[in-house]
Amino acid sequence: MTPALAVISAVPLHGIGGRGDPAVPVWLAAYAAGSAVAVSFFGLAAFWSSARFEQVKGGRPLPSVLARVVGSGPLRLVLRALTLAALLLWLAAGWLGPDDADGNLAPTWLYAWFWVGLVPLSVLLGPVWRAVNPVRTLASAARRVAGVRPRPLPDRWRHWPAFAGLAAFAWLELVPEWSAEPRVVAAFGTAWVLVHTAAGTWFGPHWFGRGDGFEVYSGLLARLSPLSRDAGGRLALRSPMAHLAGLRPDRSLTAVICLLLGSTGFDGLSRSRPWRHATGGLDGAAHLVAYSLGLVACVALVMLVFAAATGAAARHRTRGGLPEGGMGRRFAHSLVPIVVGYAVAHYATFAVTQGQLGYLLATDPFGRGWDVLGTGGSVTVDHAVMSPALTSLVQVGAIVAGHVVGVVAAHDRAVATFPRRSLRPAQYPLLAAMVAFTAGGIVLVTAP
């Protein structure tokens with residue numbers, strides 16, 4: 001084992017890879033973060049009296065040359081070919097490479113470079129996974145070869161297949177002790193490819209927008225991207241807040257958002273000292289049961305808190321009656337920035353360390369002793385690239401920023417939903433929920 005791998009082996013393959021000493025006391029960080037969210041709300045209530053993001057705006061179209069390059073067929077074909085090659089290499093590394101997480105790239109590719117990498121790519125560039133999804137390529141080829149005519153996707157399914165897929169991934173990442181074993185990762189990837197290739201062949205390309213959990217996740221994150229398409233389908237720059245306000249999730253997509261938030265919360269809880277103390281003596285089936293119940297409980301708690309807050313808000317008089325689809329689905333978009341903030345807070349350190357080029361150069365994916373790049377085993381990975389103080393500041397800042405953006409999105413929607421007389425009292429339950437999410441998130445990522 002090279003020196004780099006010896007260091008890497010000490011880092012868990014999920015979460016943020018260790019907490020370190022917080023820059024400030026946990027109670028002070030939680031109190032200050034909750035106060036920041038509350039203060040931002042009262043500031044908005046005082047000075048933000050009309051909805052600014054509810055009207056659909058096309059934005060400013062990109063220069064025609066840049067739009068043609070970005071949207072060109074050859075570029076998309078090249079990108080899909082590259083991602084398909086990467087998918088095959090990842091599966092080959094998982095099945096044929098070393099049977100340990102230290103010397104095999106497959107776990108890091110899934111948990112660090114892909115899952116964590118989707119966050120900045122989608123927020124900056126839009127729904128990138130939809131554009132380069134290699135399983136779409138496989139399904140398209142299978143339809144042409146088999147001559148299959150796509151069937152309509154049942155309306156009652158909505159986004160529940162995506163919810164099921166993301167729940168399975170969250171369980172794999174956070175529950176079993178063997179989640180980082182390369183063969184397990186390869187088995188999950190193979191099953192994912194087979195299921196979605198078959199479904200995409202049978203139902204056509206529309207399947208992926210509702211059934212592929214990773215594509216749905218990327219699409220949710222892309223709501224905060226400045227890049228979008230206008231009514232004519234042209235690439236344009238527009239306010240991410242207006243893009244976010246255009247999200248009208250159904251019940252299943254709201255459940256997906258709560259799943260993302262709750263599973264990230266459980267990631268922090270599972271590494272806290274009280275949880276480790278309570279479950280330290282468990283192994284095997286007992287470990288799986290305890291962690292599975294913990295994951296379900298965290299997701300259910302997020303759903304219940306959000307449902308209670310929006311249910312309380314629904315008791316107040318609204319403009320033109322209760323919004324179509326219910327109050328929860330009308331305000332679910334305000335949770336998306338919180339999902340992004342939690343993701344950055346939990347995975348920033350992990351991404352910076354496991355995503356370093358040194359890790360790629362130091363790992364022999366197939367265990368054949370190859371040194372293609374001539375590194376001679378001398379490559380090192382800098383695990384001290386982010387100090388404990390910087391890590392804490394990034395964590396707290398990401399959670400607070402996510403919640404403040406969520407408060408802005410919720411307030412703008414509330415201005416369009418409630419008359420002025422009931423505007424403030426209708427938002428108090430939502431404010432209480434966001435303050436609770438903020439303080440709870442700070443405790444879960446910074447407490448030892």
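Predicted, not measured: the structure shown is a model, and the values here were computed from it.
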ask   = For the residue pair F418 and A313, what are the closest heavy atoms and their distance?
value = CE2-O, 3.5 Å
query = What do the steps show when you test R329 against R248 for side-chain contact (heavy atoms from CB on, under 4.5 Å), and what is the final call?
reply = CA-CA 7 Å; R329 288 152 65 182; R248 294 293 191 273; over 6 Å; no
task = Measure the shortest side-chain to side-chain distance between L335 and C258 over non-hydrogen atoms and say whether it is less than 4.5 angstrom.
result = yes
query = Taking atom CG of D99 and atom CZ of R183, what is their separation to the nearest 0.5 Å?
reply = 4.0 Å
request  = Heavy atoms only: give me the nearest L125-L227 pair and the separation to one decimal.
outcome  = O-CD1, 3.9 Å
query = Does R210 come within less than 4.0 Å of E215, counting only side-chain N to carboxylate O?
reply = no
Heavy-atom closest contact (G200 atom, A139 atom, distance) = C-CB, 3.8 Å
key: Gap separating the CG atom of D250 from the CH2 atom of W160, nearest 0.5 angstrom   = 8.0 Å
ask   = Any donor-acceptor pair under 3.5 Å linking the side chain of S140 with the backbone of R136?
value = no
inquiry  = In this structure, is the centre-to-centre distance between the rings of W192 and F169 below 6.0 Å?
reply    = no
message = Is it the case that the side chains of W171 and S292 hold a donor-acceptor pair, with the cut-off being a distance below 3.5 Å and no angle test?
response = yes
key: Full working for side-chain contact (heavy atoms from CB on, under 4.5 Å) between L224 and H243   = CA-CA 7 Å; L224 289 170; H243 197 189; over 6 Å; no
inquiry  = As a quick check of understanding, evaluate side-chain contact (heavy atoms from CB on, under 4.5 Å) for Q427 and V407, giving each step before the final call.
reply    = CA-CA 10 Å; Q427 292 185 85; V407 167; over 6 Å; no
ask   = Can you find a pair of side-chain heavy atoms, one from F53 and one from S239, that are under 4.5 Å apart?
value = yes
ask   = When you check the side-chain N and O atoms of S228 and R238, is any donor under 3.5 Å from an acceptor?
value = yes
query = So does W95 have more than 12 non-hydrogen atoms from other groups sitting under 6.0 Å from CH2?
reply = yes
query = Is the distance between the ring centroids of Y291 and W275 less than 6.0 Å?
reply = yes
task = Would you give the length of the straight line joining atom NE2 of H333 to atom CG of L244, rounded to the nearest 0.5 angstrom?
result = 5.0 Å
ask   = Are any non-hydrogen side-chain atoms of S122 and Y217 less than 4.5 angstrom apart?
value = no
task = State, to 0.1 Å, how close V116 and Y111 come at their nearest heavy-atom pair, and which atoms those are.
result = CG2-O, 3.2 Å
inquiry  = Are V296 and F266 packed together at the side-chain level, in the sense that at least one heavy-atom pair is separated by less than 4.5 angstrom?
reply    = no
ask   = Are V339 and L220 side-chain neighbours, meaning at least one heavy-atom pair lies under 4.5 Å?
value = no
query = Do you know which two heavy atoms are closest between R223 and L247, and how far apart they sit?
reply = NH1-N, 3.6 Å
key: Backbone N/O of P98 and side chain of N104: donor-acceptor pair under 3.5 Å   = yes
Side chain proximity check, M434 to F306, heavy atoms < 4.5 angstrom = no
inquiry  = Atom CZ of residue position R315 - does it have more than 12 heavy atoms of other residues, nucleotides or ligands inside 6.0 Å?
reply    = no
remark   = CD1 (I399) and CZ (F437) are apart, to the nearest 0.5 Å, by 12.5 Å
inquiry  = Could you go through F163 and W157, starting from their C-alpha distance and side-chain angles, then the distance that decides it, and tell me whether this counts as ring-ring contact (aromatic ring centres under 6.0 Å, His included)?
reply    = CA-CA 10 Å; F163 178 90; W157 287 13; over 10 Å; no
query = Any side-chain heavy atom of S179 within less than 4.5 Å of one from V184?
reply = no
task = For the pair T83 (side chain) and V132 (backbone), establish whether a donor and an acceptor sit closer than 3.5 Å, ignoring hydrogens and angles.
result = yes
request  = Let me know which of L89, L87, V185 forms a side-chain contact (heavy atoms from CB on, under 4.5 Å) with W109.
outcome  = L89
ask   = Which is it for S218 and R130 under the side chain to side chain donor-acceptor pair (under 3.5 Å) test, yes or no, and what are the steps along the way?
value = CA-CA 8 Å; S218 177; R130 182 175 64 193; over 6 Å; no
message = Are T310 and P429 packed together at the side-chain level, in the sense that at least one heavy-atom pair is separated by less than 4.5 angstrom?
response = no
task = Decide if atom CZ of R151 counts as having more than 12 heavy atoms of other residues, nucleotides or ligands within a radius under 6.0 Å.
result = yes
key: Pair D412-W48, side-chain donor/acceptor within less than 3.5 Å   = yes
ask   = Below 6.0 angstrom between ring centroids: does that apply to F114 and W129?
value = yes
ask   = Is it the case that R413 and S334 place a side-chain donor and acceptor less than 3.5 Å from each other?
value = no
query = Just by distance, do the side chain of R80 and the backbone of A131 share a donor-acceptor pair under 3.5 Å?
reply = yes
task = Begin from the C-alpha positions of W113 and L105 and carry the test side-chain contact (heavy atoms from CB on, under 4.5 Å) through to its verdict.
result = CA-CA 10 Å; W113 297 344; L105 277 176; 3.8 Å; yes
ask   = With no hydrogens and no angle check, is any side-chain donor or acceptor of D212 less than 3.5 Å from a backbone partner on H196?
value = no
task = Could you grab the distance from atom CG of L295 to atom OG of S270, nearest 0.5 Å is fine?
result = 9.0 Å
query = Are the side chain of H411 and the backbone of A51 linked by a donor-acceptor contact shorter than 3.5 Å?
reply = no
note = Here the pair of heavy atoms bringing R424 nearest to F41 is O-CZ, 4.4 Å
task = Return yes if some donor-acceptor pair links the side-chain N/O of S40 with the main-chain N/O of V37 below 3.5 Å, else return no.
result = yes
note = So CD1 of I442 and NE2 of H403: to nearest 0.5 Å the spacing works out to 8.5 Å
